[in-house]
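These notes are about the structure you will find just below.
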Protein chains: 2
Amino acid sequence: MAISPKTIGRLGLYRRTMQKMLADGREYVYSHEISNACSVTAAQVRRDLMTIRFTGSPERGYSIAGLLQSISDLLDDPEEQRVALVGVGNLGQALLNYFRGRRATLQVAAAFDVDPAKVGRVIAGTRTYPMQQIAAVFSKQSIGIAILTVPAAEAQAVATSVVQAGARALLNFTQVHLRLPRGVFVESIDFGVSLEKVAYFRQQGG
Amino acid sequence: MAISPKTIGRLGLYRRTMQKMLADGREYVYSHEISNACSVTAAQVRRDLMTIRFTGSPERGYSIAGLLQSISDLLDDPEEQRVALVGVGNLGQALLNYFRGRRATLQVAAAFDVDPAKVGRVIAGTRTYPMQQIAAVFSKQSIGIAILTVPAAEAQAVATSVVQAGARALLNFTQVHLRLPRGVFVESIDFGVSLEKVAYFRQQGG
DNA sequence: GATTGTGAATAAGTTCACAGCC
DNA sequence: GGCTGTGAACTTATTCACAATC
């Protein structure tokens with residue numbers, strides 16, 4: 001059963017909400033409460049849970065612990081997935097901090113940078129290697145996911161080399177449209193386009 | 001005529017490509033070339049241009065300068081839109097650098113932070129003010145757009161205060177789901193969810 | 001009585017495919 | 001011949017609405 005990217009994204013959101021609720025000592029939750037917490041309609045929540053075959057009861061709603069488990073079973077690979085970040089600038093460092101100590105199943109295992117001052121240092125818990133060692137480190141640490149936070153000019157070359165080194169999925173923060181072999185999953189986050197969109201819909205809304 | 005967020009996003013992409021092509025000295029472009037450069041089908045490109053009523057000719061395709069103009073007329077507000085960034089951490093600084101000296105119609109006019117060491121400094125061309133001055137500076141500089149790069153714990157409070165101060169659109173980098181009055185446009189960029197999505201589709205694809 | 005689970009309806013987004021044009 | 005512009009077909013995503021359930 002294929003699950004759409006949109007549903008996957010929302011499930012990630014629900015999981016975060018469930019973690020918060022569980023921490024608050026709650027045990028059960030209704031679809032309209034998740035709806036409220038995530039700005040998604042209640043029908044959408046139920047539809048999403050239906051696609052992962054998680055069921056609740058009209059009486060008490062959904063078990064929070066159970067839902068958490070089901071979402072995690074789906075999203076988290078059974079074997080730990082290892083991630084590398086390439087480009088330890090401000091953005092790269094912000095991301096290293098953000099992902100520091102997150103779920104063990106999805107761990108940033110290495111960082112890479114051209115700057116000799118950064119190479120060898122441990123930044124936000126992650127060791128930084130020179131770019132030349134991408135192939136070696138990806139292979140030794142079996143890294144399959146790369147986060148790209150390099151300048152636009154280097155983006156394509158770096159992307160090609162991490163894929164060569166074994167990356168099968170990329171989170172691309174550069175504004176470059178990457179050309180990569182089929183089968184490599186790329187998610188791009190484009191600050192410029194996002195800000196333009198926000199600006200456009202500001203005009204509209206008000 | 002309402003234009004969907006998706007189309008707006010793609011138009012931003014096309015514009016960037018057109019700028020590059022114009023800089024390369026090209027004058028005309030075919031839909032399949034834009035398609036290639038942006039990973040969007042040619043039919044989609046033509047459909048998007050149709051919605052903004054921009055037409056080309058079978059002979060030479062679309063005028064690059066003309067298309068650039070049409071997209072800009074749509075995306076750029078006739079009056080300059082002013083943006084503030086709240087939270088000058090690593091991510092905030094990365095964004096200030098990214099947006100530095102971008103199109104004059106969409107300018108980051110002020111930054112805010114709690115850290116006294118940052119207040120008063122000019123970072124990436126943008127002056128930093130203390131949080132207490134949000135209301136005053138938003139009003140004086142007529143800022144209508146805010147970028148939120150503060151820690152999760154402060155996100156809701158800061159969001160509320162920038163909206164109070166006059167912001168009508170937010171680019172939210174915190175993982176907090178913001179509760180704001182209707183009519184305020186919020187675009188959220190959620191690193192955690194994005195990485196989880198990438199990880200999930202890596203499993204699938206490979 | 002309020003909620004779940006879901007078929008059916010609707011809406012949004014994309015692609016097809018081809019007439020018309022240069 | 002290869003392109004644009006576009007109605008129509010199709011696909012994907014969301015919402016409705018209600019029978020079944022506790």
Side-chain angles (χ1 to χ4, degrees), chain A residues 1-14 17-18 21 26-68 70-71 74 185 187 193 197 200-201 204, chain B residues 1-14 17-18 21 26-68 70-71 74 185 187 193 197 200-201 204:
Chain A
M1 162 204 43
I3 301 180
S4 79
K6 294 207 163 193
T7 296
I8 293 296
R10 284 190 301 263
L11 288 170
L13 239 46
Y14 304 160
T17 300
M18 292 307 98
M21 287 185 170
R26 297 198 42 184
E27 282 194 63
Y28 290 89
V29 66
Y30 295 115
S31 63
H32 69 258
E33 296 175 293
I34 302 179
S35 156
N36 245 283
C38 300
S39 282
V40 164
T41 65
Q44 181 76 79
V45 171
R46 295 201 300 276
R47 182 66 64 184
D48 287 337
L49 300 197
M50 195 180 120
T51 69
I52 64 167
R53 294 198 181 76
F54 186 79
T55 63
S57 77
E59 189 185 14
R60 298 187 290 183
Y62 302 96
S63 151
I64 291 176
L67 179 51
L68 213 37
S70 282
I71 296 178
L74 178 79
F185 182 87
E187 167 98 347
V193 167
K197 200 190 290 185
Y200 178 80
F201 286 102
Q204 302 311 92
Chain B
M1 162 202 45
I3 300 179
S4 78
K6 293 209 163 193
T7 296
I8 293 295
R10 284 190 301 262
L11 288 169
L13 239 46
Y14 303 160
T17 301
M18 292 308 98
M21 287 184 170
R26 298 200 39 186
E27 282 194 61
Y28 290 88
V29 66
Y30 294 114
S31 63
H32 65 92
E33 296 174 293
I34 302 178
S35 156
N36 245 283
C38 301
S39 282
V40 164
T41 65
Q44 181 76 78
V45 172
R46 295 201 301 276
R47 182 64 65 183
D48 287 337
L49 300 196
M50 195 180 120
T51 70
I52 63 167
R53 293 197 181 75
F54 186 78
T55 62
S57 77
E59 188 185 13
R60 299 186 290 182
Y62 303 95
S63 150
I64 291 176
L67 179 51
L68 212 37
S70 283
I71 296 178
L74 179 79
F185 182 87
E187 167 96 349
V193 167
K197 201 191 291 186
Y200 178 80
F201 286 102
Q204 302 311 94

Whole angstroms only, please: what is the [atom1]-[atom2] distance between [X] and [N]?
{"X": "B:Leu49", "N": "D:dT4", "atom1": "CG", "atom2": "P", "answer": "9 Å"}
{"X": "B:Ile52", "N": "D:dT4", "atom1": "CD1", "atom2": "C1'", "answer": "15 Å"}
{"X": "A:Tyr28", "N": "C:dT4", "atom1": "OH", "atom2": "P", "answer": "13 Å"}

Would a distance-only check, ignoring hydrogens and angles, find a side-chain to backbone donor-acceptor pair under 3.5 Å from A:Ser35 to A:Val40?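 The answer is yes, because a donor-acceptor pair under 3.5 Å joins these two groups.
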
State, to 0.1 Å, how close A:Ile3 and B:Phe201 come at their nearest heavy-atom pair, and which atoms those are. O-CZ, 3.6 Å

Closest non-hydrogen atom pair between B:Ile64 and B:Met18, with its separation: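 It is CG2-O, 3.5 Å.
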
If we check side chain to side chain contact (heavy atoms under 4.5 Å, CB included) with A:Thr7, which of these qualifies: A:Leu49, A:Leu74, A:Thr51? A:Thr51

Position toward the 5' end of DNA chain D (nearest nucleotide), B:His32 or B:Met50: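 Residue closer to the 5' terminus by nearest nucleotide: B:His32.
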
May I ask you to verify if any side-chain N or O of A:Tyr62 is less than 4.0 angstrom from the OP1 or OP2 atom of C:dG5?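 Yes, within the criterion.
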
Would you compute the distance between atom [atom1] of [X] and atom [atom2] of [Y] and round it to the nearest 0.5 angstrom?
{"X": "B:Leu11", "Y": "A:Lys197", "atom1": "CG", "atom2": "NZ", "value": "11.0 Å"}
{"X": "B:Arg10", "Y": "B:Lys6", "atom1": "CZ", "atom2": "NZ", "value": "7.5 Å"}
{"X": "B:Ser70", "Y": "B:Ile52", "atom1": "OG", "atom2": "CD1", "value": "5.5 Å"}
{"X": "A:Leu67", "Y": "A:Tyr62", "atom1": "CG", "atom2": "OH", "value": "8.5 Å"}

What's touching nucleotides 20-22 of chain C from the protein side, N or O pairs under 3.5 Å?
unit_1: C:dC22; atom_1: O3'; unit_2: B:Glu59; atom_2: OE1; d: 2.9
unit_1: C:dC22; atom_1: O3'; unit_2: B:Glu59; atom_2: OE2; d: 3.3

In the 5'-to-3' direction, what one-character label does each nucleotide of nucleotides 9-19 of chain C receive under the scheme B = base within less than 4.0 Å of a protein heavy atom, S = sugar-phosphate only, - = no such atom? ----SSB-B--

